[in-house]
Amino acid sequence: MTRDMNEDIEKVVFSEEELKKRIAELGKEITEDYKDAEETIYCVGILKGAVVFYTDLVRSINLPVHFDFMIASSYGNGTETSGTVKILKDLDYDVAGKHLIIIEDIIDSGTTMNYLMKYFRERKPKSVKLCALLSKPSRRTVDVNIDYCGYTVPDEFLVGYGLDYAEKYRNLPYIGVLKPEIYE
Ligand code: IMP
Ligand code: MG
C-alpha cells in the first residue's frame with residue numbers, strides 16, 4: 001500500500017496552475033465590486049471544505065477584510081437530504097450592517113447553502129454574497145444564487161483542494177477524480 005495520494009487519482013480536473021489563475025480572477029472581480037464599500041467586509045469561510053480555497057482567495061482580494069468561519073453540517077447521513085442544517089460553530093462577530101462574502105468549496109444539492117443564506121440574512125448584514133469555487137447545477141434540489149462561481153462542473157465526485165473523500169485528499173493541491181477502486 002502506497003502513501004502517495006496522487007496514485008489514487010484517475011484524472012486531474014483542475015490543476016494547481018489553473019486554480020491559481022481562476023482564483024486570481026475571482027479576487028480581482030471582488031476587489032473591483034467592493035472597492036468603494038464603507039462598511040467592513042467579512043469573509044466567512046465554511047469549514048472544513050472551503051479552507052484551502054479561502055486562504056488563496058482572501059490573498060487575492062486587495063482590500064481590508066475580516067476573517068470569520070462557520071462549521072455547518074447537514075442532518076442525516078449519506079445521500080439523504082433532510083433540509084435541516086446544524087450549526088456546529090457560529091460566527092464570532094455581530095455582522096449587522098456589514099458586508100458578508102460567504103466562501104464555500106462546492107454547491108451540490110444546495111441544501112446547506114440555501115439554509116445558511118437565510119441564516120445570514122437574519123443577522124441583518126448590509127449585503128451578503130456567495131462565492132463558491134465549484135457548482136454542480138445538475139444536482140440542485142433547492143435554489144442557490146452564486147454571485148462568484150469558479151467553475152461549473154458535471155455530476156462527478158471530486159477531491160482535493162479542500163474537498164475530501166472520508167476526510168482524505170483535502171491537502172491535494174489540485175482537484176481530481178478518484179480511481180473507482182478507491183470507493184470499493
Ligand atoms: P449540498 O448541501 O448538497 O450542496 O452539499 C454541499 C457539501 O457536500 C459540500 O460542502 C461538500 O462538503 C459536499 N460535497 C458535494 N459534492 C462533493 C464532491 O464532489 N466532493 C467532495 N465533497 C462534496
Ligand atoms: Mg462543505
Side-chain angles (χ1 to χ4, degrees), residues 5-16 18-19 22-23 26 42-58 67-91 100-123 128-184:
M5 291 185 294
N6 297 290
E7 288 181 18
D8 296 348
I9 302 299
E10 180 158 271
K11 65 168 186 206
V12 175
V13 178
F14 301 112
S15 70
E16 220 178 325
E18 254 181 287
L19 289 167
R22 183 69 187 117
I23 291 158
L26 290 172
Y42 281 80
C43 286
V44 178
I46 312 301
L47 300 177
K48 294 175 275 206
V51 75
V52 181
F53 174 46
Y54 184 99
T55 57
D56 281 343
L57 182 69
V58 291
F67 283 20
D68 209 344
F69 297 95
M70 265 184 88
I71 304 179
S73 85
S74 298
Y75 267 123
N77 50 4
T79 50
E80 213 177 301
T81 46
S82 62
T84 319
V85 174
K86 193 169 157 190
I87 290 168
L88 303 173
K89 188 224 161 283
D90 205 342
L91 295 172
L100 297 188
I101 304 174
I102 313 307
I103 300 170
E104 177 61 309
D105 52 358
I106 184 165
I107 309 298
D108 188 42
S109 72
T111 315
T112 314
M113 200 43 72
N114 180 275
Y115 179 91
L116 288 180
M117 290 306 266
K118 279 184 208 146
Y119 181 86
F120 292 129
R121 283 190 202 104
E122 283 165 13
R123 309 268 94 70
V128 48
K129 283 195 185 181
L130 173 61
C131 178
L133 179 61
L134 306 170
S135 173
K136 278 185 194 170
S138 61
R139 296 260 305 165
R140 211 74 94 236
T141 57
V142 285
D143 226 37
V144 175
N145 179 53
I146 306 175
D147 300 282
Y148 306 100
C149 182
Y151 304 97
T152 296
V153 293
D155 184 11
E156 244 180 342
F157 194 81
L158 303 171
V159 295
Y161 202 72
L163 296 163
D164 72 307
Y165 172 61
E167 293 298 325
K168 207 177 160 188
Y169 308 104
R170 290 193 197 275
N171 58 322
L172 271 182
Y174 56 85
I175 292 174
V177 174
L178 287 172
K179 288 176 180 166
E181 62 258 37
I182 304 298
Y183 301 108
E184 279 152 24

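As the structure lists them, so they are numbered: ligands from 1, and atoms in each ligand from 1.
Because its NZ or CZ atom is both nearer than 6.0 Å to the ring centre of Tyr119 and within 45° of the ring axis, Arg123 counts as a cation-pi partner of that residue.
Counting heavy atoms only, Leu158 comes closest to atom 20 (N) of ligand 1 of the residues Leu158, Thr141, Thr111, Val177. The closest non-hydrogen atom to atom 1 (P) of ligand 1, taken over Ser135, Ala132, Ser109, comes from Ser109.
Contact annotation: Lys136 has at least one heavy atom less than 4.0 Å from an atom of ligand 1. Taking 4.0 Å as the cut-off, Gly49 does not count as a neighbour of ligand 1 on heavy-atom distance. Under a 4.0 angstrom heavy-atom cut-off, Ile46 registers as lying outside contact with ligand 1. Residue Glu156 places a heavy atom less than 4.0 Å from ligand 1.
By the criterion of a heavy-atom distance under 4.0 Å, the side chain of Asp105, and not its backbone, is placed next to ligand 1. At a 4.0 Å heavy-atom cut-off, ligand 1 touches Glu104 through the side chain alone.
Which parts of ligand 1 touch Thr112 is read off a 4.0 Å heavy-atom cut-off, strictly below it: atoms 1 (P), 2 (O), 5 (O). Listed by number with element, the atoms of ligand 1 under 4.0 angstrom from any heavy atom of Asp164 are 21 (C).
The shortest N/O to N/O separation between Gly110 and ligand 1 falls below 3.5 Å. Of the N or O atoms in Leu163, none lie within a sub-3.5 Å distance of an N or O in ligand 1.
Two rings, from Tyr161 and Phe14, have their centers 6.0 Å or more apart. Ring centroid separation for the pair Tyr165 and Tyr183 comes in under the 6.0 Å cut-off.
Shown here for Val144 and Gly110, the closest heavy-atom pair between the two residues is CG2-O, 3.5 Å. The two residues Leu158 and Ile175 make their nearest non-hydrogen contact at CB-CG2, 3.9 Å.
The residues Glu184 and Lys179 are annotated as not salt-bridged, no charged nitrogen and carboxylate oxygen being separated by less than 4.0 angstrom. A salt bridge does not link Asp164 with Lys48: every distance from a Lys NZ or Arg NE/NH1/NH2 to an Asp or Glu carboxylate oxygen is 4.0 Å or more.
Within 6.0 Å of NZ in Lys11 there are 12 or fewer heavy atoms belonging to other residues, nucleotides or ligands.
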